[in-house]
Structure formats: structure tokens, C-alpha cells
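Beneath this line is the structure, given in C-alpha cells, with notes to follow.
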Amino acid sequence: MFNRKPRGRARKVAGVAGRRSRPRALSQTTRPIARSWLARALVAVAVLAYVTLFIWWGFRNLDRYTTTGFDLGIHDQAVWLLSRWHSPFITLSGNNYFGDHLSWIMIFLVPVYWLFPSAKVLILAQTLALGLAAGPAFLVAREKLRSEWLATGVAVAYLANPYLGWINYEQFHPDVFEVFLVFLAVFLAMRRRWVGFFIAVVLMLMVKEDVPLLVIGLGVLVALRYNRRVGAATSLLAAVWLFVNFRFLLPALSGTGSLANYISHHAERIPFGGLWGFLKTLVTRPWKVVSQAFGPHRPWYYLQVFAPVAFLPFLSPWTLVLLAGPLVANGLSTFAYQYHLEYHYGTLVVPSILIAAVFGIAHASRPWLRRVLVGVLVASAVLGLWLWGPLPHTRHAGFRAGPPNAYTRSLDDAIKLIPPDAVISVEYHLDTRLEHRTEIYEFPNPWYLRHWGDGKTTGKSLPDRAASVTYVLVPRILDAVSTSVFERLVMDGEFRVAYERDGVVLLKRQAQPPVSIAIPRPFG
């Protein structure tokens with residue numbers, strides 16, 4: 001009697017109950033993650049190899065005098081000034097540090113300079129920030145693809161990206177902190193950890209004034225996929241911060257006094273005559289804007305951006321569109337550095353396209369297809385690295401300083417003769433060993449201004465600042481303008497040669513300059 005099957009209505013009820021008790025098929029986003037300690041170990045080894053290479057490379061180039069004041073020296077002098085409670089007016093570039101870019105994130109490095117005041121801190125921080133960003137990139141991919149082995153492939157593809165290599169090679173820029181924070185913010189959004197998400201967003205907004213271009217799109221992505229209110233709040237925060245940056249902070253800190261003046265001083269990178277001209281053209285002749293975005297060199301730039309990720313971001317077009325603000329800004333810019341792979345303007349582009357690639361791979365429901373796509377991603381990154389990356393033994397390897405020679409040893413000896421508090425003017429390759437002082441100039445500044453302030457003072461001089469310079473350190477071979485200034489300083493008797501060997505010349509002031517000093521302009 002206990003083995004009889006239920007009949008009639010009882011059978012239907014039992015059948016419904018049975019169906020309800022069966023576990024439903026797990027979706028792609030809720031099924032368990034395939035974990036592997038070996039996969040994690042491979043990511044750790046890849047990060048260690050990346051960090052070791054670039055730290056060794058960066059330190060070597062700094063020690064051998066192949067780094068420059070623009071931009072490593074600027075950031076080094078800024079953090080040193082802040083660590084000594086001085087105003088961050090950068091005498092290398094002639095402007096307030098925060099009036100050029102709102103890189104508030106650099107304040108966190110100030111305590112490090114209390115203990116280790118060296119440009120090597122910046123090189124180390126940059127390499128660690130970019131290398132360790134493979135961690136949150138791994139987490140994003142693991143969360144979306146549900147496999148730590150697939151996430152390992154994504155992390156390796158990130159580290160091998162040629163754009164990333166050039167970003168790290170270019171000495172130092174605060175923008176590098178964006179990469180880690182973009183990956184982290186997306187991962188926290190995927191896990192719906194909103195407190196951590198907003199902390200990551202706020203830190204991201206502290207890196208540079210143009211970060212809202214990405215964060216606004218990120219907020220829309222969060223609103224569409226995870227939480228409408230959080231996404232809206234994120235986009236609103238970014239929009240307000242963008243307005244405050246350009247309406248109040250940059251005009252005030254740059255000394256231009258107003259938004260109109262600031263834009264007029266910085267409009268050379270915006271097509272169609274500046275911001276208002278661009279907006280007018282966008283409304284009245286949008287095809288002109290499209291033509292600008294695909295002008296000379298841009299298609300090649302886009303190819304170099306997307307080929308190392310195997311064009312996989314296009315499998316998730318909405319994700320790509322929402323995160324592509326920085327890429328569009330680079331393509332529209334009239335400043336050539338922004339649409340060339342060899343510079344640092346890809347710090348928001350690299351994480352954005354990789355995230356879009358991961359979302360695109362996730363559209364493949366079959367595990368074998370996901371494995372194939374991740375394999376293609378890794379192969380494309382490695383091939384792109386060999387074709388366009390800066391690593392040694394690639395087709396366009398970046399410069400590596402050689403072993404110490406007579407020239408570098410002579411520079412070491414000359415620098416030992418300069419007092420630590422002296423006001424100096426030095427050749428731009430020598431800045432990064434000497435800028436820990438309140439006044440340092442790139443020769444021929446301040447006698448003949450170049451790359452100073454807003455750029456409108458080129459060819460002028462600053463007599464008061466010139467009178468305060470007590471040492472000049474330059475190589476014997478200079479360009480025509482610098483040679484003319486150098487010869488006049490010696491001929492007028494202001495300076496005498498205090499040291500000269502192996503192409504290195506150190507001048508020391510021996511008399512005050514005449515009341516009226518005239519520096520000839522070699523180009524008429």
C-alpha cells in the first residue's frame with residue numbers, strides 16, 4: 001500500500017510539487033566560479049614579472065640621466081614642495097601644479113616623500129599601480145566569465161597590452177592611478193558593494209579633471225545593469241564635479257581668473273576653435289565632427305587600440321559606447337599625442353576597452369567558445385605587444401640607458417658641487433636629479449623663456465628670477481638659442497666655468513648681472 005502512485009488530482013499536485021522542488025538551471029551570472037590556485041599563481045607571477053621589468057627599467061633610465069623635467073621632474077618637484085609645506089608653484093613649467101591639472105591624488109604621496117624624497121618613488125608608484133591593476137581586472141573577468149582560468153587570460157592580456165606598456169614607459173603621470181580604480185569600481189558595482197564603489201569613484205575623480213568623461217558613462221552602465229539610483233547618483237556626481245573643475249577650480253588655480261580665459265588659454269586641443277566652436281559645430285554640422293574623429297592618423301590609432309583586444313569590445317556595443325568617452329576625446333583632439341599609442345593618454349581607454357571585451361566574451365553562452373575567445377584575446381595582446389609595444393626585443397622597443405660612462409660620471413661629480421638650496425638652471429635631461437628645491441629652471445629659462453606658463457611668453461625673460469640663479473649645468477652641445485644664452489652669460493662675466501669635463505659644463509655665478517640685461521634672440 002505504501003508503493004501506490006497518487007491518482008487524479010493528487011498526482012497533479014505531487015507533480016507540481018516535484019517540479020518546484022527541482023533546482024533550476026543556473027544562469028551564467030549565478031553559477032559557481034571555477035576556482036584554481038594555479039591560475040591565481042600565474043597572475044601573481046605575471047604581475048611580478050611586469051613590475052620587476054618596469055621598475056628596473058625606470059630606475060636605470062633615471063640614474064643614467066635619460067629622464068626629463070617634462071613631465072617626471074614637474075611631478076617630482078610638486079610632491080617635494082608639498083612635502084616641505086611650500087606652495088606648489090612649479091618653476092620648471094612656470095605654473096601652479098594644480099592649475100595645470102587637478103591631480104589631487106598626488107597628495108597621498110606626500111607622506112612618502114617625508115621619508116624617501118626621490119623621483120624613484122613616483123616610478124615605483126606608477127609601476128605598482130599599473131601592475132597591480134591586473135588584480136581587479138582578474139576579478140572583473142572572474143565575476144563575469146565565472147572561471148579563474150579565463151580571468152587569468154584576461155589579466156595576462158591586460159599586462160601585455162602595448163598601450164599599457166607605453167603608458168608605463170613614459171616616465172610618470174598621475175593618470176596611471178585611474179587604471180586600477182576603473183577596474184575596481186566596475187568590480188564593486190558587479191558585486192553591488194556600493195560603499196566601496198563610491199570610494200573608488202571619488203578617488204578616481206581626484207586623479208584628473210577629465211575623469212568625469214568616463215564616470216558619467218560608468219554611472220549610466222551601473223543604472224542599466226545593477227542599480228538605477230546608484231548609477232544616476234554616480235553620473236550626477238561626475239557631472240557636478242566636471243562643472244566645478246572647469247568653472248571654478250582650474251580658472252582660479254591657473255591664474256586665468258575666469259572660465260572664458262582658461263578656455264582661451266587651453267583651447268588649442270579642442271577642434272573648431274575651442275569649446276564653444278566645437279559645441280556649435282556639433283549641433284549645426286555634426287558631419288564635421290565625425291570627419292574630425294576620423295581625420296589623419298586616427299584610423300591607425302583606433303586600429304592599434306582595438307587590435308590588441310581582438311575587437312572583442314564590439315561584441316558588447318552598449319558597454320563600449322558608455323565607457324568610450326575618453327577614446328572619443330582622444331580621437332577628436334587636435335593634440336597629436338592624444339591619438340598616438342606612445343603616450344599616456346590611454347589610462348582611461350585601456351581599462352574601458354578591456355571591460356567591454358570581457359562583457360562581449362560573456363555573451364558567448366558555451367564554455368568552449370568563451371575559452372576560444374579568451375585565447376584569441378591573449379594572442380592578440382601578445383602580437384600587439386610585439387608589433388607596437390615598447391618592451392625589449394619588440395619591433396619598436398623603448399630606449400634603455402646603457403651602463404655608466406664618462407659623461408654620466410662627470411655629471412655625478414658636477415652635481416656634487418651644487419649646494420642643495422641653490423637656485424639653478426639646468427638642461428632638461430638633468431632636471432630629475434636636481435628639482436628638490438624651490439627654484440629650478442630648464443635652461444635657457446629664465447633668461448629666454450620656453451615652455452613656460454601658458455606658452456605666450458616665449459622669447460621673453462624674467463630678470464628678477466635670472467638674477468637669483470647661482471649655478472648653470474648643461475652639456476657642452478646645445479641648440480642655437482641655448483648656446484647664445486650660454487655664451488652671453490660667460491662673456492658678460494656673470495658666470496665662470498666651475499667644472500668642465502667629458503662634455504659637461506657647470507657655471508657658477510661670480511658677479512651680479514648688469515641692471516639692464518639684454519639676451520639676444522637668435523631667431524631675430
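In summary, of the residues considered (Tyr345, Tyr301, Tyr339), a side-chain hydrogen bond (donor to acceptor under 3.5 Å, both in side chains) with Asn330 occurs for Tyr301 alone. For the side chain to side chain contact (heavy atoms under 4.5 Å, CB included) with Leu203, the qualifying choice from Trp104, Phe108, Phe180, Phe177 is Phe108, the only one to do so.
Between the side chain of Glu209 and the backbone N or O of Asn245 there is no donor-acceptor pair closer than 3.5 Å. Between the side chain of Glu442 and the backbone N or O of Leu92 there is no donor-acceptor pair closer than 3.5 Å. A donor-acceptor pair is defined here as one N or O able to donate and one able to accept, closer than 3.5 Å; no such pair exists between the side chain of Tyr441 and the backbone of Val426. Under a 3.5 Å cut-off, the side chain of Asn61 and the backbone N or O of Ala401 do form a donor-acceptor pair. Between the side chain of Ser235 and the main chain of Ala232, no donor-acceptor pair closer than 3.5 Å is present. When atom types are taken as modelled, the side chain of Glu427 and the backbone of Pro475 share no donor-acceptor pair closer than 3.5 angstrom. Judged purely by atom type and a 3.5 angstrom limit, Arg437 uses its side chain to pair as donor or acceptor with the backbone of Ala422. With hydrogens and angles ignored, the 3.5 Å screen pairs a side-chain donor or acceptor of Arg298 with a backbone N or O of Pro296. Remark: side-chain polar atoms of Trp57 are paired, donor with acceptor, to backbone N or O of Phe399 under 3.5 angstrom. Side-chain N or O atoms of Arg193 include none that pairs as donor or acceptor with a backbone N or O of Leu188 at under 3.5 Å.
Taking all atoms of both residues into account, the shortest heavy-atom contact from Gly69 to Thr432 is N-CG2, 4.4 Å. Across all their heavy atoms, Asp63 and Arg433 have their closest contact at O-NH1, 3.1 Å. Listed here is the closest heavy atom pair of Thr319 and Ala356: CG2-CA, 3.8 Å. Among all heavy-atom pairs drawn from Val47 and Ala134, the shortest one is CG2-CB, 3.7 Å. Across all their heavy atoms, Pro351 and Val182 have their closest contact at CB-CG1, 3.8 Å. Contact record, Pro117 with His436: O-CE1, 3.1 Å, taken as the closest heavy-atom pair.
Contact of the Tyr471 side chain with the Pro419 side chain is registered, since non-hydrogen atoms from C-beta on lie closer than 4.5 Å. At a threshold of 4.5 Å between non-hydrogen side-chain atoms, the residues Tyr65 and Ile415 count as touching. Residues Thr66 and Arg400 have side chains not in contact (no heavy-atom distance under 4.5 Å, counting atoms from C-beta outward). Under the 4.5 Å side-chain criterion, counting only non-hydrogen atoms from C-beta, Val309 is in contact with Leu377. Between Met204 and Leu214 the shortest side-chain heavy-atom distance falls below 4.5 Å. Residues Pro446 and Val469 meet the side-chain proximity criterion, which asks for heavy atoms closer than 4.5 Å. Side chains of Ile424 and Leu473 form no contact here, defined as non-hydrogen atoms less than 4.5 Å apart. In this structure the side chain of Leu354 never reaches within 4.5 angstrom of the side chain of Val140, judged on heavy atoms.
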Assess whether side chain to side chain contact (heavy atoms under 4.5 Å, CB included) is satisfied between Asp210 and His101, documenting all intermediate values. CA-CA 9 Å; Asp210 61 351; His101 293 297; over 6 Å; no
Stepwise, does the side chain to side chain contact (heavy atoms under 4.5 Å, CB included) test hold for Phe272 with Lys280? CA-CA 9 Å; Phe272 311 112; Lys280 180 180 178 180; over 6 Å; no
Decide ring pair (Phe, Tyr, Trp, His ring centres under 6.0 Å) for Phe359 and Trp318; before the verdict, give the C-alpha distance in whole Å, the side-chain angles of both, and the deciding distance to 0.1 Å. CA-CA 10 Å; Phe359 278 61; Trp318 279 111; over 10 Å; no
Evaluate the criterion side chain to side chain contact (heavy atoms under 4.5 Å, CB included) for residue pair Trp80 and His86; output intermediate values, then yes/no. CA-CA 9 Å; Trp80 183 85; His86 295 302; 4.3 Å; yes
Begin with the C-alpha distance, continue with both residues' side-chain angles, and end with the deciding distance and a verdict on side chain to side chain contact (heavy atoms under 4.5 Å, CB included) for Val230 and Phe198. CA-CA 9 Å; Val230 171; Phe198 275 112; 3.9 Å; yes
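Thr91 OG1 to Arg465 CZ: the interatomic distance, rounded to the nearest 0.5 Å, is 7.0 Å. Distance CG/Leu72 to CD/Glu170: 10.5 Å, rounded to 0.5 Å. Rounding to the nearest 0.5 Å places CG of Asp100 at 7.0 Å from CD1 of Ile74. A distance of 9.0 Å separates NZ of Lys288 from OG1 of Thr281, quoted to the nearest 0.5 Å. In this structure, OG in Ser83 is found 12.5 Å from CD1 in Ile107, a value given to the nearest 0.5 Å. Atom-to-atom distance recorded for Ile167:CD1 and Leu341:CG is 8.0 Å, nearest 0.5 angstrom.
For the residue pair Arg450 and Ser482, a side-chain donor N or O sits within less than 3.5 Å of a side-chain acceptor on the partner. Side-chain N/O atoms of Asn168 and Gln126 include a donor and acceptor closer than 3.5 Å. There is no side-chain donor-acceptor pair under 3.5 Å between Glu342 and His340. Glu178 and Thr347 are linked by a side-chain donor-acceptor pair at a separation below 3.5 angstrom, with hydrogens and angles left out of the test. Using a 3.5 Å distance cut-off with no hydrogens or angles, the side chains of Asn445 and Tyr428 do not pair a donor with an acceptor.
Ring orientation note: the planes of His75 and Tyr97 are nearly perpendicular, at an angle over 60° on the 30°/60° scale. Ring-plane geometry between Tyr169 and Trp166 is classed as perpendicular, the angle between the planes exceeding 60 degrees on a 0 to 90 degree scale with a lower cut at 30. Taking the six-membered ring for Trp and thresholds of 30 and 60 degrees, Tyr50 and Phe54 have ring planes inclined between 30 and 60 degrees apart. The aromatic rings of Trp114 and Trp85 sit tilted relative to each other, their planes meeting at an angle between 30° and 60°.
Environment of OH in Tyr337: sparse, with no more than 12 heavy atoms of neighbouring residues, nucleotides or ligands closer than 6.0 Å. When the shell of 6.0 Å around NE2 of His396 is examined, it contains more than 12 heavy atoms from other residues, nucleotides or ligands. The number of heavy atoms from other shown groups lying within 6.0 Å of CZ (Arg84) is above 12.
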